[in-house]
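Structure record follows, encoded as structure tokens.
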Amino acid sequence: MDTRRLQILAELSRLGSMRAVADVLGITTSTVSQQIAALAREMGTALIEPAGRLVRLTPAGRRLAEHAVTILAAVETAHRDLGPGAEPNGTLRVAGFATAIRGYLLPIVVDLAATSPQVHVLIREHEPAESLELLATDQVDLALTYDYNLAPAAEDPTVSATSLWTARWGLGVPADAEPGEGTTLDVFARFRAHDWIVNSRNTADEKVIRTLASMAGFHPRVTHQADSLDLVQEMIAAGLGVALLPVDFPTLPGVRLVPLAAPDVELRAYAVARHGRLDWPPLALVTGLLSAAASG
């Protein structure tokens with residue numbers, strides 16, 4: 001069985017269209033169609049069927065795609081041919097959000113220079129969706145991502161996520177504002193007339209804001225967007241709006257951080273890798289060090 005054809009089928013199951021598969025794998029749509037047809041002949045059963053202008057997997061196609069994920073993972077592991085006790089050696093490509101890189105990954109990279117000099121870490125700063133796309137297209141080996149307890153990320157059966165840490169978030173408001181007391185919904189209701197500032201590169205915090213605002217009985221007026229927490233604080237201090245902020249983040253003089261409870265707002269951080277690569281020594285080493293640093 002041609003594993004390249006299995007990869008094409010697995011990608012078709014994940015992406016849903018032959019054009020998208022062709023774009024991801026750098027081949028033509030015609031090649032995708034031919035390889036799926038060849039695989040169907042090899043298996044002796046139809047794997048796809050028309051669905052309007054597109055195609056969809058048949059029940060047999062879906063089942064084979066599930067097997068393909070496992071088979072391809074096993075092949076990747078076999079290709080690496082590295083035992084579990086092998087000395088970590090190689091270049092590990094990591095994409096992740098700034099807080100994880102600054103607070104957890106960089107200290108590990110510094111230590112590795114002394115303890116495991118054969119391991120080289122290449123770092124790219126990205127928000128979760130960007131990092132996961134790089135992981136899916138094999139441009140990185142490890143993605144440091146996050147979601148919120150009130151905006152959980154969708155599960156992906158092709159990857160394995162290791163929980164790292166959680167962080168409580170509150171509401172950043174101008175220092176002269178009167179936050180009052182009460183639950184999260186009470187706090188949100190008191191700031192219903194304000195503008196709301198959200199992340200410019202990730203929609204997770206906006207989903208949290210809109211969910212809580214809906215529960216509090218209003219539609220938030222989302223206006224400004226910024227990726228940098230420092231810039232978000234400067235916007236709050238300038239009176240441009242309110243925004244979610246981590247409770248352990250140092251605040252500017254013009255910003256007050258209002259605790260949120262019942263429900264709590266928590267960011268959850270993860271180290272995400274593709275199945276079949278978790279035993280690769282450099283990846284296993286860095287993931288383990290991240291877990292240890294987060295738990296310590």
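Computed from heavy atoms alone, side chains included, the values below leave out hydrogens, waters and symmetry copies. Positions are given from 1 along the sequence.
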Item checked: Minimum heavy-atom distance between Ala216 and Leu185, given as atom pair plus value -> CB-O, 3.7 Å
Checklist line | Whether Tyr146 and Phe97 hold their rings parallel, tilted or perpendicular, with breakpoints at 30° and 60° | finding: perpendicular
Next item on the list: Could you pull out the closest heavy-atom pair between Glu49 and Leu57, with the gap in Å?
Entry: OE2-O, 4.5 Å
Checklist line | Shortest non-hydrogen contact between Val187 and Gly182, atoms and distance | finding: CG2-O, 4.4 Å
Check: Aromatic rings Trp196 and Phe218: how do their planes relate, parallel, tilted or perpendicular, breaks at 30° and 60°?
Finding: tilted
Next item on the list: Answer yes or no: is there a donor N or O on one side and an acceptor on the other, between the side chain of Ser200 and the main chain of Asp227, under 3.5 Å?
Entry: yes
Next item on the list: Would you kindly confirm whether Met215 and Val198 end up in one hydrophobic cluster when ILVMFWY residues are joined by side chain heavy atoms under 4.5 Å apart?
Entry: yes
Item checked: Test item: Arg93 side-chain N/O and Asp138 main-chain N/O as donor-acceptor pair under 3.5 Å -> yes
Note to self: If we ignore hydrogens and angles and just use 3.5 Å, is the side chain of Gln233 paired with the main-chain N or O of Pro250 as donor and acceptor?
What the structure shows: yes
Notebook entry, point to check: From Arg168 CZ over to Asp248 CG, what is the distance, rounded to the nearest 0.5 angstrom?
Noted result: 11.0 Å
Notebook entry, point to check: Heavy atoms, side chains only, cut-off 4.5 Å: are Ser291 and Leu164 in contact?
Noted result: yes
Note to self: When you compare the side chain of Thr287 with that of Leu142, does any pair of heavy atoms fall below 4.5 Å?
What the structure shows: yes
Margin query: I need the Leu267 CG to Leu244 CG distance, nearest 0.5 Å.
Written below: 10.5 Å
Checklist line | Over all atoms of both residues, closest heavy-atom pair of Leu92 and Trp280 | finding: CD1-CZ3, 3.7 Å
Margin query: If the test is side chain to side chain donor-acceptor pair (under 3.5 Å), which one of Thr166, Thr145, Asp147 qualifies with Arg268?
Written below: Asp147
Note to self: What I'd like to find out is whether the side chain of Ile123 reaches to under 4.5 Å of the side chain of Leu106, using heavy atoms alone.
What the structure shows: yes
Item checked: Any Asn199 side-chain heavy atom under 4.5 Å of Gln225 side chain -> no
